[in-house]
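Notes follow the structure.
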Protein chains: 2
Amino acid sequence: MTKARKSLLAVLKEAVQPLSVADLVANPQIACNQATVYRSLRYLEQQGYVDSFVLHCTDHGTERYYCAVTEKSAHSHWFHCTVCHRFTDVGSCLLAEDLRRWESQYGFSITDHTFFLTGVCQTCKELTTSTG
Amino acid sequence: MTKARKSLLAVLKEAVQPLSVADLVANPQIACNQATVYRSLRYLEQQGYVDSFVLHCTDHGTERYYCAVTEKSAHSHWFHCTVCHRFTDVGSCLLAEDLRRWESQYGFSITDHTFFLTGVCQTCKELTTSTG
DNA sequence: CAGAATTTGCAAGTCATTCGCATTTTTTGC
DNA sequence: GCAAAAAATGCGAATGACTTGCAAATTCTG
Ligand SMILES: [Mn+2]
Ligand SMILES: [Mn+2]
Ligand SMILES: [Zn+2]
Ligand SMILES: [Zn+2]
């Protein structure tokens, strides 16, 4: 494990929410080129150290977000606030049995599923009503 | 409704699966510039005639896919085969009650959710086992 | 149908991500 | 440790989806 890869994994392990490449590059603990960030994240994901998903938000476009994989982080799903752009973990996947049902019903092999919520978080709702 | 917008909506209404801009531009029924396709799709979506989602697939990258909104098409979800890249409708959303629960549990206002499955479809599985 | 408002085509621009290649770092065999 | 081989890095250019400025064409309004 190289210095760049170690620092990326360390930052992702500390993070309380998924981080984009822009987030990582802006972090002073990450002292490597952006191309290295991309290459290292690909390596870390291939090795199973991190997980990622692609999210589109009108304000900041389409970006991939990364999370460290930990023993307990069993495939979480996220809510993304379209005002403050923070993520909230809404817990692990509730769809396991539906996935099996779809597999047998349609004959698929489901290797992955993408699920996330978007909307306005409580904090942003309160700010809007009190000052709007 | 202009000629470009009409033709796009007509093609999307006939389609049995979500179509990308590349799919639409390649369709001979669509005789307008790519910029017009993007602008028209944005218009159609704002007016509620079409729905879209962003999907990333290793083979062809990240693209937005569009579906016509019909009376009965109540917010379907899709399976995407990573071999043949076809979509299969897996039916309408099963998460309505979970969404309400998350909203009250976390104080969110959920305005949208993204959900899709990826894997290998039955046809591609059979082709793999018989010829591989 | 004229004039105003909107849409379109084209070419250039943006932004996340990738790639080629020379240089640096890490690993391997001794 | 140390030299050679292998892998990773930095940099700048390229890619691909999507957007935008602007002039020309189409559509709308009366
Ligand atoms: Mn956002
Ligand atoms: Mn695909
Ligand atoms: Zn918020
Ligand atoms: Zn298939």
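By convention in this document, chain letters (A, B, ...) are assigned in the order of the sequence lines, proteins followed by strands, and residues within each chain are numbered from 1.
In this structure, the CZ atom of A:F53 is 16 Å from the P atom of C:dA16, given to the nearest Å. Counting to the nearest Å, the P atom of C:dT7 and the CG atom of B:L41 are 14 Å from each other. Spacing between atom NE2 of A:H56 and atom P of C:dC15 amounts to 14 Å, rounded to whole angstrom units. Whole-Å rounding puts the A:D59 CG to C:dT14 P distance at 19 Å. Residue A:Y43 contributes atom OH, which lies 18 Å from atom P of C:dT18 at whole-angstrom precision.
Stacking of A:R5 on the aromatic ring of A:Y43 is recorded, both the 6.0 Å distance cut-off and the 45° axial limit being met.
Side chain of B:D23 to main chain of B:S20: a donor-acceptor pair is present (N/O by atom type, distance under 3.5 Å, no hydrogens or angles). Side-chain N or O atoms of A:Q17 include none that pairs as donor or acceptor with a backbone N or O of A:T88 at under 3.5 Å.
For an aromatic pair to be called close, the ring centres must be under 6.0 Å apart, and A:F115 with A:F53 fails this. Between A:H113 and B:H80, a ring centre-to-centre spacing not shorter than 6.0 Å is recorded. When ring centroids are compared, B:H77 and B:F116 stay outside the 6.0 Å threshold.
Checking the phosphate oxygens (OP1, OP2) of C:dT8, a side-chain nitrogen or oxygen of B:S40 falls inside 4.0 Å.
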Where protein sits on nucleotides 12-30 of chain D, one letter per nucleotide: B base, S sugar-phosphate only, - none, heavy atoms under 4.0 Å: -----SBBBB------S--
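Salt bridge B:E97/B:R100: absent, no basic N to carboxylate O contact under 4.0 Å.
Checking B:V37, B:L44, B:L9, B:L41 one by one against B:Y66, the side-chain contact (heavy atoms from CB on, under 4.5 Å) holds for a single residue, B:L41.
One end of the helix from C:dC1-D:dG30 to C:dC30-D:dG1 points its axis 50° away from the other end's axis, with each axis taken from 5 pairs and the angle rounded to 10°.
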